[in-house]
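Written below as structure tokens is the structure these notes are about.
As a basis for the values below, the full set of heavy atoms in this structure was taken, side chains included, without hydrogen atoms, waters or symmetry mates. Each residue takes its place number in the sequence, starting with 1.
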Amino acid sequence: MELDLDHLPEDPTALRAIVARLAEEKARLVGENHALRVETGELKGENERLKAMVTQLVHYRFGRSSESAEGQHELYGQTVEPEAARPPAPTERASSAAVRLKQQRPIRKPLPAHLPRLTKVLDVGDACGACGKGLVEVGEPDVTEVLHRIPATYVVLRYVRPRKRCAEGHFDQEPMPERVIPRSTVDETVLAGVIVDKFADHLPLNRIAKRFARQKIDIPRQTLADWMMRSAAVLGPLHEALARHVMAGEVVHPTTRHCRSWSRGSAAHGPAAPGAMSATSGLGPGRRRQQRSSSRPSIARVSDHANTCGTSPGHWRWTPTAGSTRCSRPGAARRQRSRRPAVCAHARRKFVELERLGSPVGKEGVRLWQAVFLAERRLRTLDADERLGRRQSSTRPAFEELHAWMTSIRPLVADTSAPAKALDYSLKRWPSLTLALADGRVEVDNNAAERALRGIALFRNNALFAGSPRGAEATAVLVSLVETCKLNAVDPEAYLADVLPKLKRQPRDRLADLLPWSWLTTAGASPRPERMAMLARALGMAAEESGS
């Protein structure tokens, strides 16, 4: 509407009409302006959300996975001296100039004492090379140790069993040792090596077959797969004993790693439902003092195909009652007896992601969560009752300060923003996040179990899927025992080679004696003396009994 202010009409009615039209135009413009402001705000929020998403994706793809940041070195027990990052003063540099060269020299560590020693004598002979006269040994000889690698060597063991007859005509012959796989041409040492290559070193079976081919041994990949299935069937009772041990604890730390299983039920093969395997770690309270705890670090993995625990992680609980959770679908009564604390590390991770985006909400949230973890870190080595009492004066105030800040800041952020999602994640789970304040056996995080299950995540990236439901169950058995060996510092190859032939004649009520930590105290993980003697003879050296 164009209005000439120099030639306004003198009629009051015309002036009132002009004013009315101007008021209508103003109202329309105000409405449009308000709509544009709302739209601009929504677009800004959407832009911020997309920028945060892009930043997170770039970090996930190219950034570091560690959540540690400056000022958070003591969150999980890592201590860093503040003086380590401070540059030395000029007087300190002058005083350390004399020893700087000595400090820069690398300190060579001695070779591990548990390795077997093979002795090779380098002798110049009995006559002097210069004058030809006899030589006499003077003092102690010089001994130098170097690390030597002997590639894997396959030999054929020939069992010769003479048939004998007495004067009465009775024949007698020594029976053949029982093999793990009947009528197979391999023994337990080969089976243990293939299991470790696949499930500890994450090599596919086709690469393992190529390893054999380099030594002129033709073993098809399908044969290797059959060996794994049969070995898992032999080790099945031991896996069940491991699962019983895990579920017998008062507190079970569960975490889930899913793999796919390839269904072959129809001509058009398709993947089965995800979650072919779920993983549970039996790490009880006081996990940083396992030598004082009655529970041993162990892992049980179950396949959810035949006798399934289901794919939902809610079927596992951190149970306050020993044995109240079993490998089955829990009923209503069992669900009432079990409690499932939320993981504070997951809630903290939301604020860590915000801090990476430069959000002040994320920075303050990380600082307050850090206070919770620092207070809890000082109570790691205490018993459950003592820790519960100390938590009321240290951890509870940190939780209360964090909750007060979140409830006060939540109305000030938009509902669709990233800070709102981080705050809502913690506020909706607050009773479960603070369950540790009512039970000293509960940990505030589940990081120990998640770190213990990294092997299954790496295996999943290499294996992609299980070939069948039976293959998923076999994988669950073999990965469980291999990862448990690694947790208990047991050589899985030596363990499997020793346990596989014993399982068929081991009483069912004594299977716990063959679990990795029990086996370590009885059989040990050192090489067998007869194997070292054969190796020494093959190399033409002498084996030192003290080293082997």
| request: Grab the two heavy atoms, one from A436 and one from R391, that are nearest each other, plus how far apart they are. | output: O-NH1, 2.7 Å
| field | Nearest heavy atoms of V194 and I208, plus distance in Å | value |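 Smallest heavy-atom distance, with atoms named: O-CD1, 4.0 Å.
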Output the distance between atom [atom1] ([X]) and atom [atom2] ([Y]), rounded to the nearest 0.5 Å.
X: R161; Y: M176; atom1: CZ; atom2: CE; result: 6.0 Å
X: F199; Y: M228; atom1: CZ; atom2: CE; result: 6.5 Å
X: S231; Y: L191; atom1: OG; atom2: CG; result: 4.0 Å

| request: Classify the angle between the aromatic ring planes of W227 and F212 as parallel (below 30°), tilted (30 to 60°) or perpendicular (above 60°). | output: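 Taking F212 first and then W227, their aromatic rings stand perpendicular (interplane angle over 60°).
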| task | Dump the intermediate steps for salt bridge (charged side-chain N to carboxylate O under 4.0 Å, His left out) on D197 and R211, then the final yes or no. | result | CA-CA 10 Å; D197 284 344; R211 275 189 173 185; 3.2 Å; yes
| query | Can R387 and T381 be said to form a side-chain contact (heavy atoms from CB on, under 4.5 Å), step by step? | reply | CA-CA 8 Å; R387 179 162 54 170; T381 58; over 6 Å; no
| said: Please enumerate all residues that pass side chain to side chain donor-acceptor pair (under 3.5 Å) together with E493, with sequence neighbours excluded. | reply: none
| request: Can you run down the ring pair (Phe, Tyr, Trp, His ring centres under 6.0 Å) pairs that involve residues 157-180, sequence neighbours left out, and say none if there aren't any? | output: none
| Pairs flagged by ring pair (Phe, Tyr, Trp, His ring centres under 6.0 Å) wherever residues 478-500 is involved - sequence neighbours left out | Y495-W519
| task | Show your working on salt bridge (charged side-chain N to carboxylate O under 4.0 Å, His left out) between E473 and R470 and close with a plain yes or no. | result | CA-CA 5 Å; E473 295 173 3; R470 291 182 59 244; over 6 Å; no
| message | Just checking D385: does its CG atom have more than 12 heavy atoms from other residues, nucleotides or ligands closer to it than 6.0 angstrom? | response | no
| Taking 4.0 angstrom as the limit, do R230 and D226 come out as a salt bridge? | yes
